[in-house]
There are 2 protein chains.
Amino acid sequence: MLEERRLKTRMSEPKIRNMEEFASVSGISRPTISKYFNDPTSVRATTRERIERALEQFDYQPNMYAINQNRRLTKNIGVIVPYLADPFFAEMARHMEDLVIAAGYRPVLLGSHGDADLEVENLNSLRLMKPAGVLLAPLGRGSDPERIAEFSQDVPTVLFDANLETIGEAFVGSNNQQSINLIVDYLCRTGEPPSFFEMRLPSNPNAFKRRQAYVAAMEALGHEPQLIQVDGDGWEFEAIGFREGSRVLEERSLPTDTVLCSNDRLAIGFLSAAYQKGMRVGLGDGCALRVAGHDDHPFSRYTCPTLTTVSQDYESIATKSAESLFEVIESGSAEKMREETLFDGKLVMRGSA
Amino acid sequence: MLEERRLKTRMSEPKIRNMEEFASVSGISRPTISKYFNDPTSVRATTRERIERALEQFDYQPNMYAINQNRRLTKNIGVIVPYLADPFFAEMARHMEDLVIAAGYRPVLLGSHGDADLEVENLNSLRLMKPAGVLLAPLGRGSDPERIAEFSQDVPTVLFDANLETIGEAFVGSNNQQSINLIVDYLCRTGEPPSFFEMRLPSNPNAFKRRQAYVAAMEALGHEPQLIQVDGDGWEFEAIGFREGSRVLEERSLPTDTVLCSNDRLAIGFLSAAYQKGMRVGLGDGCALRVAGHDDHPFSRYTCPTLTTVSQDYESIATKSAESLFEVIESGSAEKMREETLFDGKLVMRGSA
DNA sequence: TTTCAAAATTTACGCGCGTAAAAATTAAAT
DNA sequence: ATTTAATTTTTACGCGCGTAAATTTTGAAA
């Protein structure tokens, strides 16, 4: 039974079982082989060539468990996002994986499925893995800050997307202040001032910042802020945007003809609701409504109409997060100051507002 | 510097360094502790209680690298999907992670980012991890079948979503024949027979099956099949659907007023194109076009209009894949017969057709 | 209380690799 | 050819755990 499987493997070259064997077939001593695998440049060029020639012939790969057993920390870097099924985080994770690989580490991707317990679970799994560091986008409101703080004291951790004050070596995110200001400004300049459509109890701390920024921006422009705070839990933002958008439109309770949604996924649901109510959304004549979002979600360019929004600078956030982490790892020490970096958003003018 | 980090950790209980120490503080011998961690039910109930009480007090966790070093295979199960930023695969992966955890294994999630080299890379990474098995959704056309076949001979592998003939212990996917038949039938019954909108060189083998099924279904109903094969590479299906949909609509080259898209993501792009051309999509009076998709993609209920499509049975596919893999793993032997399981789709009637 | 199988303990070895120390070799500079 | 620093080799130990074998203890049934 087990034999059966084994027989299938090709037997062209005698299988190398461990570093000892590989050392003997390659004619190099084991400690030197070991040095090579830890850093190929640490051995003489001629030696490196001999090893690499042997490597082509015998395809030996060191046992990763044996390698890491005695290391205080490994070359693994954890990447944890709150919700992998959200294309925003999927994209973010993709970027980070690339950066981590490019820096010579191995990414370990974990999604928390919107569940705080799983988030802690993921942290625990990672801890066993003795990672060199972690890039963490916390759930936000649902998160267990104590457990995360605890973890971040054992493992170099850089937070991104959602800030938990004082936790981690650094935080990298979007400048919600600036980006909301940008779009509120734009909307006020081109039509009625927007009301702000959001969840009453958002799971994401950015939502709070955006609310504040909206209120401040409106007041600065001499307008009355109008918050539309709807019920809804979890991460199914489109569903909430649709359901509550439908309700609001039905009740005709919108204070103005312009709605700024706290994020694109809510806006996608809202737009769908407006469409079904037969309301024409956009900024031309004959449009009953303007809708804007926030994030430049991958799907926002395919909504009907296409969604006017503010972009988050995916790439800068991913890059800065990764680089901050590498710095902490390579300096070996905790940063003296917890650095918070915020990237500005850009206005993305499309059809909906 | 390193000390600094260490000082932060709480010192309430003296830190347990290894199983030996935990054995002594818990008053149980090390071999018994070892037995417990491999299977808590394998020790006497009273012993288990004593261990668990000690566990609460000292929070020791075995070194996973030491544990796995000598195992022929671990409790890890790899889950590889071609593209994590596609919510379909993200959802699928999420389900599978849950099932894997429930079965007492540890999922290791890997995305191939639409890149065949990375797919092989992922396989290689997994091999080092000595996983008990792998759930693999291959890229399809881009995949390197030889490398995958090789891998699947060393590691129990169950394929899902995209079939590579003869590779792996089993394949689980959708019954494209049935589902395409279903929707072609529906479309013909309720209006003009559909043309089939697809990529000329689809990356996914399902696309070929769907094309064939479309042709067969049309012929069975006495209609002329009309294939609209558009250019486009990669995994940005919405962009392709939009770009080529726009072109097709501009050229007025559609043979009928009904379009069946090979998948929902193409349809999402197509719908967006139709909207921007000012064409009303749907089945009522005054609609110029009907559009249908395939997959019941998470976003298809928020398109404008909402997308009529055929659902893939996410959950059944995930469950059956996982269970097939567990069976192979636990039986310890390769299945005598490579089983192919196809789940029927269900018609999801919404606004677009 | 005796009996006895089940469970735990004691003892000991091995896994694949990192790595330290001392000796030997290499290759570049004098 | 000689000196010398840089590498490699030899030798040896340790890491944390799995696990086998022999022995002792446990606890339930007789």
Side-chain angles (χ1 to χ4, degrees), chain A residues 2 14-55 58-76 104 106 127-132, chain B residues 2 14-55 58-76 104 106 127-132:
Chain A
L2 291 181
K15 193 73 182 173
I16 306 295
R17 309 168 56 89
N18 55 37
M19 199 178 275
E20 190 76 49
E21 278 192 23
F22 179 71
S24 71
V25 299
S26 66
I28 311 265
S29 72
R30 192 175 69 74
T32 302
I33 303 278
S34 175
K35 264 191 94 183
Y36 168 84
F37 277 110
N38 282 310
D39 177 8
T41 69
S42 69
V43 301
R44 204 185 293 150
T46 58
T47 311
R48 182 162 63 247
E49 276 168 33
R50 287 172 63 200
I51 294 176
E52 276 159 6
R53 250 183 296 135
L55 232 31
F58 297 98
D59 86 75
Y60 158 75
Q61 292 184 276
N63 179 320
M64 61 160 286
Y65 296 104
I67 288 177
N68 289 321
Q69 171 173 17
N70 299 319
R71 284 208 193 301
R72 201 177 62 80
L73 39 81
T74 67
K75 282 273 180 182
N76 296 324
R106 238 180 54 79
R127 203 196 297 266
L128 294 182
M129 229 173 266
K130 301 193 272 189
Chain B
L2 292 182
K15 193 72 182 174
I16 306 295
R17 310 168 56 87
N18 54 39
M19 198 179 275
E20 190 76 50
E21 278 191 24
F22 179 71
S24 71
V25 299
S26 66
I28 310 263
S29 72
R30 190 175 69 74
T32 302
I33 303 279
S34 175
K35 264 192 93 183
Y36 169 83
F37 276 109
N38 282 309
D39 178 8
T41 68
S42 68
V43 301
R44 205 186 291 147
T46 58
T47 311
R48 181 161 65 247
E49 276 168 33
R50 288 172 62 199
I51 294 176
E52 276 159 5
R53 251 184 294 133
L55 233 30
F58 296 98
D59 87 77
Y60 158 76
Q61 293 184 273
N63 180 321
M64 60 161 285
Y65 296 105
I67 288 176
N68 289 321
Q69 172 174 14
N70 300 318
R71 283 207 194 302
R72 201 177 62 79
L73 39 81
T74 67
K75 282 275 180 181
N76 296 323
R106 238 181 54 79
R127 203 197 296 266
L128 294 182
M129 230 173 264
K130 300 193 273 189

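Computed from heavy atoms alone, side chains included, the values below leave out hydrogens, waters and symmetry copies. Quick caveat, the model's predicted, so the values are computed rather than measured. Just so we're on the same page: letters track the sequence lines, and every chain starts at 1.
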I would like to know whether M64(B) and Y65(A) meet side-chain contact (heavy atoms from CB on, under 4.5 Å); could you show each step before the answer?
CA-CA 8 Å; M64(B) 60 161 285; Y65(A) 296 104; 4.1 Å; yes
Query raised in the report: Are K35(B) and N38(B) close enough, and set up right, to give a side-chain contact (heavy atoms from CB on, under 4.5 Å), and what steps lead you there?
Result: CA-CA 5 Å; K35(B) 264 192 93 183; N38(B) 282 309; 6.0 Å; no
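N68(B) contributes no side-chain N or O that, together with a main-chain N or O of R71(B), makes up a donor-acceptor pair within less than 3.5 Å. Side-chain atoms of T74(B) come within 3.5 Å of backbone N or O of K130(B) as a donor-acceptor pair.
Among the protein residues, Y36(B) comes within range of no part of the nucleic acid, since none of its heavy atoms lies under 4.0 Å from any strand. Using a 4.0 Å heavy-atom distance criterion, N68(B) is classed as making no nucleic acid contact. F22(A) comes within 4.0 angstrom of no nucleic acid atom, judged by non-hydrogen atoms across all strands.
Shown here are the side chain to side chain contact (heavy atoms under 4.5 Å, CB included) partners of R30(B), two or more places apart in sequence or in another chain: M19(B), E20(B), A23(B). Residues forming a side chain to side chain donor-acceptor pair (under 3.5 Å) with N70(A) (at least two apart in sequence, or on another chain): none. Applying the ring-ring contact (aromatic ring centres under 6.0 Å, His included) criterion to F22(B), with sequence neighbours excluded, gives Y60(B).
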Donor-acceptor pairs are to be reported for all side-chain atoms of residues 43-51 of chain B against protein atoms at under 3.5 Å, with residues two or more places apart or in another chain.
| unit_1 | atom_1 | unit_2 | atom_2 | d |
| --- | --- | --- | --- | --- |
| R48(B) | NH1 | P40(B) | O | 3.0 |
| R48(B) | NH1 | V43(B) | O | 3.4 |
| R50(B) | NH2 | G27(B) | O | 3.0 |

Please write out each protein N/O paired with an N/O of nucleotides 8-10 of chain C under 3.5 Å, distance rounded to 0.1 Å.
| unit_1 | atom_1 | unit_2 | atom_2 | d |
| --- | --- | --- | --- | --- |
| dA8(C) | OP1 | R44(B) | N | 2.9 |
| dA8(C) | OP1 | T47(B) | OG1 | 2.6 |
| dT9(C) | OP1 | S29(B) | N | 3.4 |
| dT9(C) | OP2 | S29(B) | N | 3.0 |
| dT9(C) | OP2 | S29(B) | OG | 2.6 |
| dT9(C) | OP2 | T32(B) | OG1 | 2.7 |

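Here the range on DNA chain D touched by chain A, meaning any atom under 4.0 Å from one of its heavy atoms, is dT7(D) to dG16(D).
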